[in-house]
Undergrad: 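Have a look at this one.
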There are 2 protein chains.
Amino acid sequence: MFREGETAGRIYQLVHGRVMLYKLLPDGRRQVVEVIGPGGVFGITCLPIYDCSAETLVAVEVIAHERAAAEQSVDLSRELGAQVQAQFCAMHDHVVLLGRKSALERVASFVMHAVPGRGVFNCPGPPRDGGDSIDIPIGMTRHEIADYLGLTLETVSRVLSEFRRRGIVVTEGHDHLRVNDICQMCRLTGAHETTGTRSQGRSSETCAALTESA
Amino acid sequence: MFREGETAGRIYQLVHGRVMLYKLLPDGRRQVVEVIGPGGVFGITCLPIYDCSAETLVAVEVIAHERAAAEQSVDLSRELGAQVQAQFCAMHDHVVLLGRKSALERVASFVMHAVPGRGVFNCPGPPRDGGDSIDIPIGMTRHEIADYLGLTLETVSRVLSEFRRRGIVVTEGHDHLRVNDICQMCRLTGAHETTGTRSQGRSSETCAALTESA
DNA sequence: CGGGAATTTGACAGTGGTCAAGTGCCGTGG
DNA sequence: CCACGGCACTTGACCACTGTCAAATTCCCG
């Protein structure tokens, strides 16, 4: 949709679909800095140029606001502001993932975030009534996932295979997962106590819950 | 100043000093998600509770805004909004650092960001007139730096020793660095072409320049 | 001039990256 | 409807970088 360095004329708000924001290092290394879902805002920058590139992951519907207008309108800036707060928190979580989590924890976190009624990390108890498995359309290639999680595509593939081996997930084609044991997956994210103490309560991955629900 | 999980009643704006925002995983791993300088805003969250803890690095002076008030006032939300944009970009840069840079590049980036007239990564030519060395007060322990850069304190220490060995920096006590070859340091950040092609121009670490200057 | 904490340094191990084959999925064309 | 080709993915072997654990050493402060 736009590239890092282009004149930043517009701010976009996503209605449908998913968009990925990424930055490149001069030697070609790529880091996906955000994956935007419905409601999300992108094109935000403090300079006259975009600080990262935006690419669609699927067909999308967006609302484009002229940057100047967005900063004028009170209503608009209020709405965008609320959204930005959510993304701010989501990014904090992602920084923790990149800085401190193992490959296994990163992929587990990624899968948990893709769960439809997802992100609500104060685990709403055991799975949802019964042990239903949950179907997840991934919608990103291994390469994109790797660049999002700060890994290589080989490592992502290996971890998914490990989940498969443990019976936590089942693959259905390359971009569909079926999660059999959501609780186990949740535990592997590293974001929750696994030791005896029960109902400890507070989760650090707080805001993720609101990122796409707003 | 406040802890992750506490009721988020206020938004703070820093006047003097430096504040560090961090999150903890249940097993004790810590990740510093932002280091806020003068002008910076913190306490932003999309939930009724803070999503991370805030701790001062030095004595600070802050302006505290009631959260409700900040969202009402047009002027205030406009000012904070501008600041948030800058921090948004800075965080994008930091995500790239955490996801894709080597230990050496991370520490080099950290040092460059600490340079007074810093962050301006479109290298304003060679050093500043002559080869003056630049003095940098670090103001963080190795442990804090490590938790910011997603490394261990030993690795940070080793990299700084390596810089010393190469003659790029000189240590003056534990929290003062003298950078002799700022250009070399800049090159080691990984954010710039090192191959022949001259004045390529565009840097990806764009917004860092404005983070603290605003 | 001590005492304790922060830092440095060393030895070693493990996670994840790199390189190189395989294998499977899917769309195209026969 | 089936064969083919290409790309995405998986798997394996190996290795480098960074983490871990354990001393030394330095610095800072009383």
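Side chains are part of it too, since the values below use all heavy atoms of this structure and drop only hydrogens, waters and symmetry mates. Here is the naming used below: chain letters follow the sequence lines, and residue numbers restart at 1 for every chain.
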Undergrad: For B:Ser161 and C:dT8, is the shortest distance between a side-chain N/O and OP1 or OP2 below 4.0 Å?
TA: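 For C:dT8, OP1/OP2 do not have a side-chain N/O of B:Ser161 under 4.0 Å.
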Undergrad: Of the nucleotides C:dT9, D:dG19, C:dG16, which has the atom closest to the A:Ser102 side chain?
TA: C:dG16
Undergrad: Is the backbone N or O of B:Ala82 less than 3.5 Å from a side-chain atom of B:Gln85, with the two atoms forming a donor-acceptor pair by type?
TA: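 The answer is no, because no donor-acceptor pair under 3.5 Å joins these two groups.
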Undergrad: Take the protein atom CE of B:Met140 and the nucleotide atom C1' of C:dA6, then report the distance between them rounded to whole Å.
TA: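 Taking CE of B:Met140 and C1' of C:dA6, I get 15 Å after rounding.
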Undergrad: Starting at the 5' end of DNA chain D and moving along, which residue's nearest nucleotide shows up first, A:Arg100 or A:His143?
TA: A:His143
Undergrad: Give the rounded distance in Å between these two atoms: CD1 of B:Ile145 and C1' of C:dT7.
TA: 11 Å
Undergrad: Under 4.0 Å between a Lys/Arg side-chain N and an Asp/Glu carboxylate O for A:Arg166 and A:Glu162?
TA: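 Salt bridge present between A:Arg166 and A:Glu162.
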Undergrad: For A:Arg106 and A:His174, find the nucleotide of DNA chain C closest to each by heavy atoms; which residue's nucleotide sits nearer the 5' end?
TA: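 First, find each residue's nearest nucleotide; the 5'-ward one identifies A:Arg106.
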Undergrad: Do B:Arg18 and B:Thr56 have a side chain donor and acceptor closer than 3.5 Å?
TA: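 Distance-only check fails for B:Arg18 and B:Thr56.
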Undergrad: Rounded to whole Å, please give me the gap between CG in B:Leu149 and C1' in D:dT18.
TA: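 Nearest whole value for this atom pair: 14 Å.
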Undergrad: What's the angle between the local helix axes at either end of the helix from C:dC1-D:dG30 to C:dG30-D:dC1, using five pairs per end and rounding to 10 degrees?
TA: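 The helix from C:dC1-D:dG30 to C:dG30-D:dC1 shows an end-to-end axis angle of 40°.
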Undergrad: For D:dG12, does the base pair up with any side-chain atom of A:Arg158 as donor and acceptor (N or O, under 3.5 Å, distance only)?
TA: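 Answer yes: a donor N or O sits under 3.5 Å from an acceptor.
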Undergrad: Nearest whole Å is fine: how far is D:dC7 P from A:Leu153 CG?
TA: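 Value for this atom pair: 15 Å.
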Undergrad: Round to a whole Å and report the spacing from CG of B:Leu151 to P of C:dT7.
TA: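 That distance rounds to 15 Å.
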Undergrad: Base, sugar-phosphate, or nothing for B:Leu160, non-hydrogen atoms under 4.0 angstrom?
TA: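 Nothing: the residue B:Leu160, judged by heavy atoms under 4.0 Å, touches no strand.
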Undergrad: Could you state the atom-to-atom distance from CD of A:Glu172 to P of C:dC25 in whole Å?
TA: 12 Å
Undergrad: Nearest-Å distance, CD (A:Glu154) to P (D:dA8)?
TA: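 Taking atom P of D:dA8 as the reference, CD of A:Glu154 is at 14 Å.
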Undergrad: Got a second to check how far A:Leu151's CG is from A:Phe110's CZ, nearest 0.5 Å?
TA: 11.0 Å
Undergrad: State whether the side chain of B:Thr7 and the backbone N or O of B:Gly9 hold a donor-acceptor pair below 3.5 Å, judged by distance alone.
TA: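 Looks like no, no N/O pair under 3.5 Å.
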Undergrad: Applying side chain to side chain donor-acceptor pair (under 3.5 Å), which residue pairs with at least one partner in residues 29-39 of chain B are found, sequence neighbours left out?
TA: A:His92-B:Glu34, A:Glu105-B:Arg29, B:Asp27-B:Arg29, B:Arg30-B:Asp147, B:Glu34-B:Gln87
Undergrad: Using only atom types and a distance under 3.5 Å, with no angle test, would you say the side chain of A:Arg106 pairs donor to acceptor with the backbone of A:Leu149?
TA: yes
Undergrad: Grab the CG-C1' distance between A:Leu104 and C:dG16 for me, whole Å please.
TA: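 Result: 12 Å.
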Undergrad: Taking only the side-chain heavy atoms of B:Arg142 (C-beta and beyond), determine which of C:dT18, C:dT7, D:dT20 contains the nearest atom.
TA: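 For the B:Arg142 side chain, the nearest candidate turns out to be C:dT7.
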Undergrad: Does B:Thr141 make a side-chain N or O approach to OP1 or OP2 of C:dA6 shorter than 4.0 Å?
TA: no
